[in-house]
Engineer: 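The structure under discussion is supplied below as structure tokens; questions concerning it will follow.
Just the heavy atoms: all of them, side chains too, but no hydrogens, waters or symmetry mates, feed the values below.
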Amino acid sequence: MSKLLKPSRRAVLHGLSTGAMALAAPAVFTGRAFAQDSKITVTSWGGSYHEMVQTNFVEPFTAETGIEVQLVDNGDMAKVKAQVLSNSVTWDVIDAPAAFATSGAKQDLWEELDPELVNMSGLVEAPNPYYMPLYLYSGGLLWNTERHPDGQHPVDFAGFYDVEQFPGRRCMRSLAPETLEAALVADGVAPEDLYPLDVERAFAKLDELKPHVSTFASSTPEQVSSVTQNEADFSYSYYNRVNSARQGGAALDFSFDQTNNSLDFFAIPKGSPNKEAAMRFIEFCMRPEQQKAWSLAGFYVPNRMSVLEDIRNSDQGGYLPDLGNGRNVVIDPAWWGDNYDAVQRRYAEWMIS
């Protein structure tokens, strides 16, 4: 079993709520040449997210390096594990939410990152030897503005679970992370008191809502399409997804009143045949210019302090979450690293029970 150095939630909160962190020059790869791999495969999450990865990371990376990048819209951890254990790895970079990154490290699924990546400075959240924090994203509630105008829809997690005040069909994630946090907050747990998660209490709250769940979304785009296609009235998803659908004409809105906020990471599966080029891709995505383009395209929080301050001080920074307001949740990747497999298994059984 590989060692696991866990990310610090305190560092994330400090950097995002105050911006008071010393800036340092970014690390660059100078110690050795990369193998001339001609193609890598990177997992993605479909829909507008796929398009943003293609535009902001893949195309400029290929233009600079000549290395082709194939995006695969499937980041299933069970498939990652199967590839590693069977010594048949075909995915070179995994776009891994916090629970995936930390649990994967505990299961020895990731390659060690190049030391110059691990020692990269000027970041909101420091890298781990096995995965690189790329950005932080916010998940919250969405609704159809025509079917549910102001006052007729929930704006926080308690409202999502209040079927008497806000009757209607719910769409829920098929993943336990973020879902259990929302359930516990809806049940009265303060965000700062969430961890360690009270799993029994969370499932008891989930039981209350289950009769009103019309859809368990198996993909992120489905979280939005369930509402646009009138398969659900209220759903949990991400602002960039909602904004993309709205630009396409969908009558949707998203609440920033209360959000789950989680780090997203890049990791390289152990046994990747193209790990040198994969590390080069990760380094490219961490450059300030790429971080800024990505963050503004997807309304994300960058992991570069200089970029975060630049956006915060501009007229484009209104979407940045206030993680010190006592209402928003910061997902703890360390807890999920220890508990993901068991809790996700239980949640999957609960969905079909």
Engineer: Enter the distance from I40:CD1 to E276:CD here, rounded to the nearest 0.5 Å.
Structural biologist: 12.0 Å
Engineer: I'd like to know if the side chain of T43 and the backbone of V72 have a donor-acceptor N/O pair within less than 3.5 Å.
Structural biologist: no
Engineer: Rounded to the nearest 0.5 Å, what separates atom CD1 in I331 from atom OH in Y195?
Structural biologist: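 One finds 4.0 Å between CD1 of I331 and OH of Y195.
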Engineer: Determine, stepwise, if the pair N261 / Y137 fulfils side-chain hydrogen bond (donor to acceptor under 3.5 Å, both in side chains).
Structural biologist: CA-CA 6 Å; N261 298 272; Y137 59 90; over 6 Å; no
Engineer: Test Y319 against every option in F299, F256, Y239, Y238 by the ring-ring contact (aromatic ring centres under 6.0 Å, His included) rule and name the one that passes.
Structural biologist: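 When ring-ring contact (aromatic ring centres under 6.0 Å, His included) is applied between Y319 and each of F299, F256, Y239, Y238, only F299 qualifies.
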Engineer: Regarding D341 and Q107, is there a side-chain donor-to-acceptor distance under 3.5 Å anywhere?
Structural biologist: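 The criterion, which ignores hydrogens and geometry beyond distance, is satisfied for Q107 and D341.
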Engineer: Which heavy atom of L206 sits nearest a heavy atom of M172, and at what distance?
Structural biologist: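 Of all heavy-atom pairs spanning L206 and M172, the closest is CD2-CE, 3.5 Å.
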Engineer: Specify the closest pair of heavy atoms between L320 and R312, including all atoms of both residues, with the distance to one decimal.
Structural biologist: CD1-CA, 3.7 Å
Engineer: Keeping the roles fixed (side chain from T62, backbone from V58), state whether a donor-acceptor pair exists under 3.5 Å.
Structural biologist: yes
Engineer: Here's a test for you: under side-chain contact (heavy atoms from CB on, under 4.5 Å), which of S237, S219, S235 qualifies with V224?
Structural biologist: S237
Engineer: Donor-acceptor pair, distance only, cut-off 3.5 Å: does the side chain of Q344 make one with the backbone of A176?
Structural biologist: yes
Engineer: Return each pair, listed once, that meets salt bridge (Lys or Arg N to Asp or Glu O under 4.0 Å) where at least one residue sits in residues 288-301; pairs must be two or more places apart or across chains.
Structural biologist: K292-D310
Engineer: Going by the rule ring pair (Phe, Tyr, Trp, His ring centres under 6.0 Å), which residues pair with F100 if we only count those two or more places apart in sequence or in a different chain?
Structural biologist: Y340
Engineer: Decide whether E178 and Y236 meet the rule of one side-chain donor and one side-chain acceptor closer than 3.5 Å.
Structural biologist: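 The criterion, which ignores hydrogens and geometry beyond distance, is satisfied for Y236 and E178.
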Engineer: Mark yes or no for whether Q83, through its side chain, and W91, through its backbone, hold a donor-acceptor pair below 3.5 Å.
Structural biologist: yes
Engineer: For D233 and G168, indicate whether the former's side chain and the latter's backbone hold a donor-acceptor pair under 3.5 Å.
Structural biologist: no
Engineer: Check whether any side-chain N or O of R304 sits under 3.5 Å from a backbone N or O of V124 as a donor-acceptor pair, and report yes or no.
Structural biologist: no
Engineer: Are E111 and K270 within salt-bridge range, i.e. N to O under 4.0 Å?
Structural biologist: no
Engineer: For S218, check side-chain hydrogen bond (donor to acceptor under 3.5 Å, both in side chains) against everything at least two apart and list the hits.
Structural biologist: E222
Engineer: Please confirm whether R173 makes a cation-pi placement over F216, using NZ or CZ under 6.0 Å from the six-membered ring centre and within 45° of the ring normal.
Structural biologist: no
Engineer: Please confirm whether R169 makes a cation-pi placement over F234, using NZ or CZ under 6.0 Å from the six-membered ring centre and within 45° of the ring normal.
Structural biologist: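 Cation-pi check for R169 and F234: fails.
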Engineer: When you check the gap from the basic side-chain N to the acidic O, do E349 and R346 get nearer than 4.0 Å?
Structural biologist: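 Result for this pair is no, no salt bridge flagged.
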Engineer: Before giving the answer on side chain to side chain contact (heavy atoms under 4.5 Å, CB included), spell out for L180 and V343 the whole-Å C-alpha distance, their side-chain angles and the decisive distance to 0.1 Å.
Structural biologist: CA-CA 9 Å; L180 265 65; V343 175; 3.6 Å; yes
Engineer: Distance check, rounded to the nearest 0.5 Å: T102 atom OG1 versus D338 atom CG?
Structural biologist: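 Going from the OG1 atom of T102 to the CG atom of D338 covers 7.5 Å.
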Engineer: With no hydrogens and no angle check, is any side-chain donor or acceptor of Q258 less than 3.5 Å from a backbone partner on F157?
Structural biologist: yes
Engineer: Charged N to carboxylate O below 4.0 Å: is that the case for D92 and K275?
Structural biologist: no
Engineer: Count I, L, V, M, F, W, Y as connected when their side-chain heavy atoms are under 4.5 Å apart, and connections chain through other members. Are L197 and W350 then in the same cluster?
Structural biologist: yes
Engineer: Against T259, only a single residue in D156, N328, D322 fulfils side chain to side chain donor-acceptor pair (under 3.5 Å); can you say which?
Structural biologist: N328
Engineer: How far does CD of E68 sit from NZ of K39, to the nearest 0.5 angstrom?
Structural biologist: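 E68 CD to K39 NZ: 4.5 Å, rounded to 0.5 Å.
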Engineer: Is it the case that N274 and S272 place a side-chain donor and acceptor less than 3.5 Å from each other?
Structural biologist: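 There is no such pair (donor and acceptor under 3.5 Å, judged by atom type) between the side chains of N274 and S272.
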Engineer: Just how far is it from atom CG of N240 to atom OG of S48, taken to the nearest 0.5 Å?
Structural biologist: 5.0 Å
Engineer: Stepwise, does the side chain to side chain contact (heavy atoms under 4.5 Å, CB included) test hold for F57 with L134?
Structural biologist: CA-CA 12 Å; F57 292 149; L134 184 67; 4.2 Å; yes
Engineer: Would V213 and Y347 show up in the same hydrophobic cluster when neighbours are defined by side-chain heavy atoms closer than 4.5 Å?
Structural biologist: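 Cluster IDs for V213 and Y347 match.
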Engineer: Taking S255 for the side chain and V155 for the main chain, is one N or O donor matched with an acceptor at less than 3.5 Å?
Structural biologist: yes
Engineer: May I ask you to decide if the ring planes of F284 and F61 are parallel, tilted or perpendicular, using 30° and 60° as cut-offs?
Structural biologist: perpendicular
Engineer: So, applying side-chain contact (heavy atoms from CB on, under 4.5 Å) with Q291, which one of N56, L308, N303 is it?
Structural biologist: N303
Engineer: Would you please classify the geometry between the W294 ring and the Y49 ring as parallel, tilted or perpendicular, with 30° and 60° separating the classes?
Structural biologist: perpendicular
Engineer: What verdict does the side chain to side chain contact (heavy atoms under 4.5 Å, CB included) test give for F265 and I94, after you've listed the backbone C-alpha separation in whole Å, the side-chain angles of each residue and the deciding distance to 0.1 Å?
Structural biologist: CA-CA 8 Å; F265 301 86; I94 306 301; over 6 Å; no
Engineer: Run the salt-bridge test on R287 and E283 with the 4.0 Å N-O cut-off and return the result as yes or no.
Structural biologist: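 Yes, charged N to carboxylate O under 4.0 Å.
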Engineer: Report the distance from atom OG1 of T179 to atom CG of L209, rounding to the nearest 0.5 Å.
Structural biologist: 10.5 Å
Engineer: For a side-chain contact (heavy atoms from CB on, under 4.5 Å) with N260, tell me which candidate from V329, V185, V330 qualifies.
Structural biologist: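 Of the listed residues V329, V185, V330, the side-chain contact (heavy atoms from CB on, under 4.5 Å) partner of N260 is V329.
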Engineer: Could you go through the side chain to side chain contact (heavy atoms under 4.5 Å, CB included) check for T145 and L252 one step at a time?
Structural biologist: CA-CA 5 Å; T145 56; L252 298 178; 5.9 Å; no
Engineer: Say whether, by atom type as modelled, one donor and one acceptor occur between the side chain of S314 and the main chain of Q316 under 3.5 angstrom.
Structural biologist: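 Checked: pair present.
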Engineer: Spell out, as yes or no, whether a donor-acceptor pair under 3.5 Å connects the side chain of S214 to the backbone of E231.
Structural biologist: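 Yes, S214 side chain to E231 backbone: donor-acceptor pair under 3.5 Å.
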Engineer: Using a 6.0 Å cut-off, check whether atom NZ of K210 has over 12 heavy atoms from anything other than its own residue.
Structural biologist: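 Counting other residues, nucleotides and ligands, NZ of K210 exceeds 12 neighbours.
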